Amino acid sequence: MKFLLLPAVLLCTAFSLIGAELKVAILSDIHVSPGNPNEQRLQQAIAEINESDVDQVIVTGDLSNRGATAELVRVKELLDQLNKPYRALPGNHETNWSDSGALAFAELFRSERFAFERNGVLLIGFSTGPYLKMGDGHVRAEDIAFLKDTLAERAADQKPVIVFCHYPLADELSNGVEIAEVLAPYHVLGLVCGHTHVQFRRNIYGIDNIVCRPLTSNDGKTFGYNFIVYDNGKLEAWEKRLGDPVEKDFNVRPPLKKPEIVFGGNLPVDVRVETIWEESASIYTGAAVHGTELFYGTSNGMLVRLLTTRLQNPAVRPVRTLELGTPFYSTPVYADDTVIIGSLQRKILGIDPGTLKIRWELPANAPVTNTGIFADGSVFMGLGSGSFARLEPHSGKIVWQTDGGYGTFQGAPATDGKIVVFGAWDTRLYALDAVNGKQLWKWSSGSTQVLFSPGNVVPAIAAGQVLFVAPDRYMTALDAATGKQVWRTNRFKVRESFGRSADGKTVYAKTMDGLLIAVETGRPEFTLRWQCDLKFGYEHAPCPMLEANGVVYAGSRSGVIAAVDAATGALLWTYKVGTTSVNSFTAAPNGDVYATLLEGKIVRISRQ
């Protein structure tokens with residue numbers, strides 16, 4: 001479709017379309033850090049937008065490089081220089097690596113979602129995650145409820161609607177089909193987004209997706225933003241490269257139909273996989289198991305105790321909840337008749353498992369998104385960032401605390417009783433004396449790229465070695481006593497999904513190609529025991545592997561669970577239980593295995 005170009009005098013620095021009903025400037029994927037080149041480019045874009053006659057500015061995510069509070073503060077300082085009203089939404093770079101537990105964005109920009117009218121058009125925006133870990137985008141249950149309620153209340157009369165978020169509906173948005181179905185009954189002009197760093201337009205699942213350009217192109221040679229214009233019942237999209245005329249040059253891709261989603265799989269006759277509970281919110285945590293009870297946290301701030309005993313009516317299952325106000329990312333630990341969990345309210349909580357009343361609180365240095373481990377009668381746990389401690393679980397008394405200036409913690413630590421090892425989002429892996437907390441050594445790959453840190457990986461201690469993987473796609477083995485590197489390889493494209501065998505002779509890693517590899521521990525070089533194709537395809541979910549009763553369990557980014565024979569590497573079965581990432585697995589004393597899914601499902605794997 002061709003469009004008339006505007007007069008050249010208006011195109012160089014401004015945008016004007018006389019008579020248009022609504023004109024919106026779109027900034028997407030601006031990736032600003034204080035002092036980086038995009039900071040200056042954003043300032044130039046703001047100066048151009050201020051000279052235009054747009055009615056509104058929307059920022060569709062990835063304002064920063066890693067969601068750091070300092071980055072977001074600087075971006076807001078710049079955006080506040082706009083002389084137009086603006087709204088901003090978080091992208092995966094704000095919700096994945098955030099040092100505030102993803103709280104800073106809403107505090108700075110008022111909210112993670114919006115709904116308002118401008119010139120007779122309803123504009124709706126919402127967050128798409130992922131939340132504090134690598135994974136596909138996902139619209140939380142509470143945001144879907146907001147979207148449904150807003151549309152029903154404000155757009156039932158077929159008022160024109162424009163929807164804004166970070167991800168297009170397809171590919172990397174796990175519940176994009178559900179969002180399309182929510183939007184379908186209404187007069188939705190289009191969904192405006194970014195994320196791909198490639199500018200195009202495509203009808204996805206019946207909804208027009210306008211996917212905007214980044215501030216900096218992939219080749220680093222062009223810099224710019226977009227305009228969308230609603231006029232005469234149509235929504236058009238324009239590109240504005242910094243200093244150049246406005247152009248209508250959106251590549252229109254073929255329509256994409258809704259995929260057929262098939263749940264289930266072929267299970268052995270003695271294996272049963274069942275969803276035993278579904279939350280009305282998302283679940284970011286794993287679960288702690290005690291007897292017939294599971295404990296986990298939800299995105300709407302609930303600590304949940306769930307009875308797992310098989311009931312006559314599985315849809316009715318006794319639960320008890322404790323509302324604490326902010327989302328949980330820390331997986332609960334059951335220790336000494338106490339449930340211990342980290343809170344975004346800068347504290348670690350010790351909770352009575354029977355009453356769910358708070359027994360004790362320990363102040364933390366930062367929002368706590370990390371998880372502890374129970375070993376040798378103590379809980380070892382990071383205090384959000386900066387400090388690490390050994391705690392008495394029933395009382396919360398600190399046995400020792402070391403203030404090492406560590407970066408943000410996320411993954412759980414590992415211990416063998418002699419040392420405790422953990423990573424942080426500061427490029428380093430640390431080892432402390434488990435008895436007194438003295439730092440024994442620290443390791444770094446030498447890279448200064450924080451996003452390559454072993455920050456969300458549970459390391460393994462076995463056969464005198466510390467083994468781990470990291471987002472730089474290397475697997476590394478260190479001498480446990482000295483921290484010296486034994487071997488390091490990127491032969492397989494690993495990332496953050498890792499696990500240890502029950503006997504410590506093997507570690508498991510899931511690759512980004514959907515392979516599961518088993519590697520021998522205690523060897524002077526990388527020694528592959530076996531590899532298995534999990535049939536996952538492209539894969540980046542950081543779900544740790546669990547070995548239980550001779551079976552290794554792995555979870556995918558799209559809700560598939562795979563079971564592999566630990567001795568041979570043979571794929572035993574795969575089973576699709578949901579559409580979102582599997583968070584983690586937990587083994588129960590009776591042999592059952594439980595998994596939590598981002599979409600809010602609790603799944604049990606059992607033998608008949």
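Not measured: the values here are computed from a predicted model.
- Considering only residues two or more places apart in sequence or on other chains, H166 meets the ring pair (Phe, Tyr, Trp, His ring centres under 6.0 Å) condition with H195.
- In summary, of the residues considered (W441, F409, Y406), a ring pair (Phe, Tyr, Trp, His ring centres under 6.0 Å) with Y430 occurs for Y406 alone.
- Take Y538 and apply the ring pair (Phe, Tyr, Trp, His ring centres under 6.0 Å) test, not counting sequence neighbours, and it matches H540.
- Taking CG from L72 and OG from S98, the interatomic distance works out to 7.5 Å, rounded to the nearest 0.5 Å.
- For the side chain to side chain contact (heavy atoms under 4.5 Å, CB included) criterion with F374, the lone passing option out of T338, V379, I340 is V379.
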Verify side chain to side chain contact (heavy atoms under 4.5 Å, CB included) between L173 and V139, making sure each step is shown before the conclusion. CA-CA 8 Å; L173 189 65; V139 184; 4.2 Å; yes
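- Of the candidates Y594, W277, F328, Y296 forms a side chain to side chain contact (heavy atoms under 4.5 Å, CB included) with just one, namely W277.
- Applying the ring pair (Phe, Tyr, Trp, His ring centres under 6.0 Å) rule to F536 yields no partners; only residues at least two apart in sequence or on another chain are considered.
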Tell me, with the steps shown, if V466 and I419 meet side chain to side chain contact (heavy atoms under 4.5 Å, CB included). CA-CA 10 Å; V466 173; I419 65 172; 4.3 Å; yes
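- Screening residues 87-115 for salt bridge (charged side-chain N to carboxylate O under 4.0 Å, His left out) gives E112-R140, R113-D143 as the qualifying pairs, with residues at least two apart or on separate chains.
- Applying the ring-ring contact (aromatic ring centres under 6.0 Å, His included) rule to pairs touching residues 127-151 yields Y131-Y284, sequence neighbours excluded.
- Nearest heavy atom pair, residue L597 against residue G578, reads CD2-CA, 3.8 Å.
- Nearest approach of A389 to L383, heavy atoms of both residues: CB-CD2, 4.3 Å.
- Between atom CD of residue E278 and atom CD1 of residue I602 there is a gap of 10.0 Å, rounded to the nearest 0.5 Å.
- Side-chain N/O atoms of T596 and N583 include a donor and acceptor closer than 3.5 Å.
- The only option from I517, V564, L516 that meets the side chain to side chain contact (heavy atoms under 4.5 Å, CB included) definition with Y508 turns out to be L516.
- Remark: the E142 side chain and the S299 side chain contain an N/O donor-acceptor pair separated by less than 3.5 Å.
- Residues G286 and P332 approach most closely at O-CD, 3.8 Å, considering heavy atoms.
- If you take CZ on F498 and CG on N456, they are separated by 13.5 Å, rounding to the nearest 0.5 Å.
- Shown here are the salt bridge (Lys or Arg N to Asp or Glu O under 4.0 Å) partners of E539, two or more places apart in sequence or in another chain: K510.
- The salt bridge (charged side-chain N to carboxylate O under 4.0 Å, His left out) contacts involving residues 288-302 comprise E293-R305, where partners must be two or more places apart or lie in separate chains.
- Taking each heavy atom of P413 and V458 in turn, the nearest pair found is O-CG1, 4.1 Å.
- Aromatic ring centroids of F422 and F388 lie under 6.0 Å apart.
- Residue pairs satisfying the salt bridge (charged side-chain N to carboxylate O under 4.0 Å, His left out) criterion with at least one member in residues 359-383, sequence neighbours excluded, are listed as follows: K347-E361, D352-R359.
- For the side chain to side chain donor-acceptor pair (under 3.5 Å) condition, the pairs that include at least one residue of residues 459-475, sequence neighbours left out, are D472-R488, Y474-N490.
- Within the structure, ring-ring contact (aromatic ring centres under 6.0 Å, His included) contacts touching residues 452-473 (residues at least two apart or in different chains) are W443-F468.
- Applying the side chain to side chain donor-acceptor pair (under 3.5 Å) rule to pairs touching residues 379-393 yields N365-S387, S378-R390, S387-D403, E392-S395, sequence neighbours excluded.
- The ring pair (Phe, Tyr, Trp, His ring centres under 6.0 Å) search around H394 returns none, not counting sequence neighbours.
- The two residues A541 and S556 make their nearest non-hydrogen contact at CB-C, 4.0 Å.
- In this structure, the separation between CG on L534 and CD1 on I561 is 12.0 Å, given to the nearest 0.5 Å.
- Residues R346 and P367 share a closest heavy-atom pair of CG-N, 3.6 Å.
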